Participant: 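Quick one: this structure, given as structure tokens, is what I'll be asking you about.
What you see is a predicted model; the values in this text were computed from it and never measured. For the numbers below, each heavy atom of this structure counts, side chains included, while hydrogens, waters and symmetry mates do not.
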Amino acid sequence: MALRGKVKLYTKDYVGAQADFEDIVFDKEGYGYGYGLIDNYPDLFTLAGDQSKEIIFSIQCINGTNNNYGLPYCLRLGTRAAFGGCWNNCMPTDILADMYEYKDGRPFSWDEIYPGFSTDRAMQKRIFEATLSEDGKTVAAYPADKDKIRSIYESRDPRMEQTLITPYCHFLGCNGRTPKEMEYVLATGVNEANGFLRDNLGHNNYYWRKFVPEGDMDGILEDRSYSPVDFPLIRYADVLLMLAECYNENGEQGKAVELINQVRQRKSTNMPKLNSGPAWLKAETKAEVFERIVHERAVELACEGHRFGDLKRWGLAKEKLNYEYDDILGKFIFKRVFVDRDYHFPIPAVEFERNSQLGKQNPGW
């Protein structure tokens, strides 16, 4: 039912999608689904979340002797300081990190704290960089604003530090396969053997905490390529936000806000409700509610494979996915380019060979 509703949503059949999602949320047919939000957001991405009432559709995983049917979260998302020394092929951007609001719901901007920050890479390096001792075993000097930096991160939507590893926080990682407490220090010469988180390519990015195993999972994790944690393809929070989108498109903004607030008010998140007082929480018009849905899906479902598809179906990919990316210390890493043709995949040549009536290739391919 959830998958069918999502297909309808992608085809902009908001009435049909709404009916499917309402069946799940309100159990109109009396199937006894029993789905709901669990209290603790981080549990969803550990063994504690497997088969929980929030998981509707997931990839089942298992590991162990002769049971290597897990997923490579550790290898692909973890740094060299994760179990087995990993590759951090997939990394969150500072664009995502900056989307997390303050705990009172205010939007966040580094430029308000350090004027000119977003365009001054030398300033970024000066504010965040530390230095190590000559042997690299201790921190010789933290940045002068270390405590301020930490307070900034700690004052944000709790999902931020439940999702991301941020500068100067701690993470239970591994030195090789041996569990070890790690600190994320932005400095040259960091090494997990000395208790520091290290990037596979020597960059200084935000890193995933979500899905990345802590330590060796109390002895359960045997291979960095086979985490036993299930991967959620559709979970209840996703359905609530998709139903909110249908309500908004169908002119029921109040109902949409009510569902968004359910996600924001999860016990471990406890973000303030929309329309609960301050001007920055106002969401009444269709455009305002849509912006809240775009935001909430980004921070709630980060690293779960939804964002790219969402931006394409909303027609926002060209706006959102053209940017220059630098790391936290201001080092240029890459330039992302999204052009009009990227809204569609190319039709494989073999399909034209099979069907002479297929017509034209997708534009730009």
Participant: Return each pair, listed once, that meets side chain to side chain donor-acceptor pair (under 3.5 Å) where at least one residue sits in residues 188-198; pairs must be two or more places apart or across chains.
Facilitator: E192-R198
Participant: Please name the residue in the list Q18, E252, E22 that meets the side chain to side chain donor-acceptor pair (under 3.5 Å) test with Y247.
Facilitator: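 Filter result, single survivor: E22.
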Participant: With no hydrogens and no angle check, just 3.5 Å: does a side-chain donor-acceptor pair link D230 and Q51?
Facilitator: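 Judged by distance alone, the side chains do pair up.
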Participant: Shortest non-hydrogen contact from Y206 to M91?
Facilitator: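 In this case the closest contact between Y206 and M91 is O-CB, 4.2 Å.
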Participant: Got a salt bridge between R292 and E101, using NZ or NE/NH1/NH2 to carboxylate O under 4.0 Å?
Facilitator: yes
Participant: Is it true that the side chains of D23 and Y33 contain a donor and an acceptor less than 3.5 Å apart?
Facilitator: yes
Participant: Main chain of I347, side chain of Q361: is a donor-acceptor contact present, judged purely on distance under 3.5 Å?
Facilitator: yes
Participant: Tell me whether D111 contacts the main-chain N or O of S118 through its side chain, where contact means a donor paired with an acceptor under 3.5 Å.
Facilitator: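 Yes, because the side chain of D111 sits within donor-acceptor range (under 3.5 Å) of the backbone of S118.
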Participant: On the ring face of Y114, is K148 found with NZ or CZ under 6.0 Å from the centre and within 45° of the axis?
Facilitator: yes
Participant: Check whether L321 and V337 end up in the same hydrophobic cluster, where Ile, Leu, Val, Met, Phe, Trp and Tyr are linked by side-chain heavy atoms less than 4.5 Å apart.
Facilitator: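 No.
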Participant: Mind checking whether L243 and I24 have side chains closer than 4.5 Å, heavy atoms only?
Facilitator: no
Participant: For F57, does the CZ atom have more than 12 heavy-atom neighbours from other residues, nucleotides or ligands under 6.0 Å away?
Facilitator: no
Participant: Can you check salt bridge (charged side-chain N to carboxylate O under 4.0 Å, His left out) on E112 and R106, steps first, answer last?
Facilitator: CA-CA 12 Å; E112 290 183 4; R106 285 179 297 134; 5.2 Å; no
Participant: Got more than 12 heavy atoms from elsewhere within 6.0 Å of CD, E134?
Facilitator: no
Participant: With heavy-atom distances below 4.5 Å as the criterion, would you say the side chains of M217 and P228 are in contact?
Facilitator: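 A side-chain contact exists here, since the closest heavy-atom pair is under 4.5 Å.
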Participant: Under the 3.5 angstrom rule, does the side chain of S225 hit a backbone N or O of P72 as a donor-acceptor pair?
Facilitator: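 Such a contact is absent between S225 side chain and P72 backbone.
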Participant: Are the side chain of Y102 and the backbone N or O of S155 linked by a donor-acceptor pair below 3.5 Å?
Facilitator: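 Looks like no, no N/O pair under 3.5 Å.
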Participant: How far apart are the closest heavy atoms of I149 and P143, and which atoms are they?
Facilitator: CD1-CG, 4.5 Å
Participant: Quick one: pull up CG in L44 and CD1 in I38 and give me the separation to the nearest 0.5 Å.
Facilitator: 3.5 Å
Participant: I'd like to know if the side chain of D43 reaches the main chain of A48, judged simply by a donor and an acceptor atom lying under 3.5 Å from each other, with no hydrogens or angles considered.
Facilitator: no
Participant: Any donor-acceptor pair under 3.5 Å linking the side chain of D216 with the backbone of G219?
Facilitator: yes
Participant: Work out which heavy atom in R341 is nearest to a heavy atom in W365; give both atom names and the distance.
Facilitator: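 Nearest pair, atom of R341 first, then W365: O-NE1, 3.1 Å.
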Participant: Can you name the closest pair of heavy atoms from S227 and L221 and give their distance?
Facilitator: CA-CD1, 4.0 Å
Participant: Closer than 4.0 angstrom, basic N to acidic O: yes or no for R354 and E351?
Facilitator: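 Yes.
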Participant: Looking at E245 and R313, is any side-chain nitrogen of the basic one under 4.0 Å from a carboxylate oxygen of the acidic one?
Facilitator: yes
Participant: What's the separation between atom OG1 in T119 and atom CD in Q124, rounded to the nearest 0.5 Å?
Facilitator: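 Reported value, rounded in 0.5 Å steps: 8.0 Å.
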Participant: Between the main-chain N or O of R235 and the side-chain N or O of D238, is there a donor-acceptor pair closer than 3.5 Å?
Facilitator: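 Absent.
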Participant: Does E258 CD have over 12 foreign heavy atoms under 6.0 Å away?
Facilitator: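 Check fails, neighbour count at 12 or below.
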Participant: Taking atom NZ as the centre, does K320 end up with more than 12 heavy-atom neighbours from other residues, nucleotides or ligands that are less than 6.0 angstrom away?
Facilitator: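 No - once you tally the heavy atoms of other residues, nucleotides and ligands closer than 6.0 Å, there are 12 at most.
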Participant: Run W87 and R80 through side chain to side chain contact (heavy atoms under 4.5 Å, CB included) and show every step you take.
Facilitator: CA-CA 6 Å; W87 297 351; R80 301 300 292 172; 3.7 Å; yes
Participant: Please tell me whether I328 and I127 are part of a single hydrophobic cluster in this structure, the criterion being side-chain heavy atoms less than 4.5 Å apart.
Facilitator: yes
Participant: Any side-chain donor-acceptor pair under 3.5 Å between S58 and Q60?
Facilitator: yes
Participant: Between Y153 and Y168, does the ring centroid distance fall short of 6.0 Å?
Facilitator: no
Participant: Can you tell me if NZ on K273 sees more than 12 non-hydrogen neighbours from other groups inside 6.0 Å?
Facilitator: no
Participant: Any salt bridge linking D340 with K318? Criterion: basic side-chain nitrogen under 4.0 Å from a carboxylate oxygen.
Facilitator: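 Salt bridge flag = yes for K318 with D340.
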Participant: Would you indicate whether the side-chain heavy atoms of V229 and D50 approach each other to under 4.5 Å?
Facilitator: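 Side chain of D50 against side chain of V229, heavy atoms only: contact under 4.5 Å found.
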Participant: Using 30° and 60° as the class limits, which term best fits the ring planes of F334 and Y325: parallel, tilted or perpendicular?
Facilitator: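 It falls in the tilted class, 30° to 60°.
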Participant: Please check: side-chain N/O of W280 versus main-chain N/O of D104, any donor-acceptor pairing under 3.5 Å?
Facilitator: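 Yes: the side chain of W280 pairs with the backbone of D104.
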Participant: Would you mind reporting whether R159 and M271 have side-chain heavy atoms less than 4.5 Å apart?
Facilitator: yes
Participant: When clusters are formed by joining ILVMFWY residues with side-chain heavy atoms under 4.5 Å apart, either directly or through shared neighbours, do L301 and I59 land in the same one?
Facilitator: no
Participant: What's the spacing between D20 CG and L3 CG if we round to 0.5 Å?
Facilitator: 10.0 Å
Participant: Quick one: do Y10 and V239 end up in the same hydrophobic cluster if we chain Ile, Leu, Val, Met, Phe, Trp and Tyr together by side-chain heavy atoms under 4.5 Å apart?
Facilitator: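 Different clusters.
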Participant: Using only atom types and a distance under 3.5 Å, with no angle test, would you say the side chain of K103 pairs donor to acceptor with the backbone of E154?
Facilitator: yes
Participant: Check whether any side-chain heavy atom of M1 sits under 4.5 Å from a side-chain heavy atom of E29, and report yes or no.
Facilitator: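 SC-SC contact between M1 and E29 ruled out.
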Participant: So T166 and R150, do their side chains get closer than 4.5 Å, heavy atoms only?
Facilitator: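 The answer is yes; the side chains approach within 4.5 Å.
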Participant: Side-chain contact test, heavy atoms from C-beta onward, threshold under 4.5 Å: evaluate it for V190 versus L197 and give yes or no.
Facilitator: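 Not touching, per the 4.5 Å side-chain cut-off.
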Participant: Taking atom types as modelled and ignoring hydrogens, do the side chains of S133 and D135 form a donor-acceptor contact shorter than 3.5 angstrom?
Facilitator: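 Per modelled atom types, S133 and D135 side chains form a pair under 3.5 Å.
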Participant: Answer yes or no on whether K331 is positioned over the face of F128, meaning its NZ or CZ is under 6.0 Å from the six-membered ring centre and within 45° of the axis.
Facilitator: no
Participant: Of all heavy-atom pairs between L281 and G105, which one has the smallest distance, and what is that distance?
Facilitator: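 Scanning both residues completely, I find the closest heavy atoms to be CD2-CA, 4.0 Å.
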Participant: For H344, does the NE2 atom sit with more than 12 other heavy atoms under 6.0 Å from it, leaving out its own atoms?
Facilitator: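 Counting neighbours around NE2 of H344, 12 or fewer heavy atoms of other residues, nucleotides or ligands fall under 6.0 Å, so no.
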Participant: Would the number of heavy atoms belonging to other residues, nucleotides or ligands and lying under 6.0 Å from CZ of F345 be above 12?
Facilitator: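 No, CZ of F345 has 12 or fewer neighbouring heavy atoms, counting only those of other groups under 6.0 Å.
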Participant: Please walk me through it: do D147 and Y142 pass side chain to side chain donor-acceptor pair (under 3.5 Å)?
Facilitator: CA-CA 9 Å; D147 291 343; Y142 283 104; over 6 Å; no
Participant: With rounding to the nearest 0.5 Å, note down the distance linking CD in E161 to CZ in R209.
Facilitator: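 Rounded to the nearest 0.5 Å, the CD-CZ separation comes to 7.0 Å.
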Participant: Could you give me the CA-CA distance, side-chain angles and deciding distance for R177 and F83, then say whether side chain to side chain contact (heavy atoms under 4.5 Å, CB included) is met?
Facilitator: CA-CA 5 Å; R177 297 169 64 97; F83 179 87; 3.5 Å; yes
Participant: Would you compute the distance between atom CG of N204 and atom NZ of K125 and round it to the nearest 0.5 angstrom?
Facilitator: 8.5 Å
Participant: What's the shortest heavy-atom distance between Y226 and Y69, and which atoms?
Facilitator: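 Heavy atoms of Y226 and Y69 come nearest at CD2-N, 4.0 Å.
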Participant: Has D327 got a side-chain atom pairing as donor or acceptor with N205's backbone, closer than 3.5 angstrom?
Facilitator: no
Participant: Is Y184 reachable from F196 through a run of hydrophobic residues whose side-chain heavy atoms are each under 4.5 Å from the next?
Facilitator: yes
Participant: Roughly how far, to the nearest 0.5 Å, is CZ of R126 from CG of D120?
Facilitator: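 If we round to the nearest 0.5 Å, D120:CG and R126:CZ are 6.5 Å apart.
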Participant: Would you check if there is a donor-acceptor pair between the side chains of K210 and Y41 at a distance under 3.5 Å?
Facilitator: yes
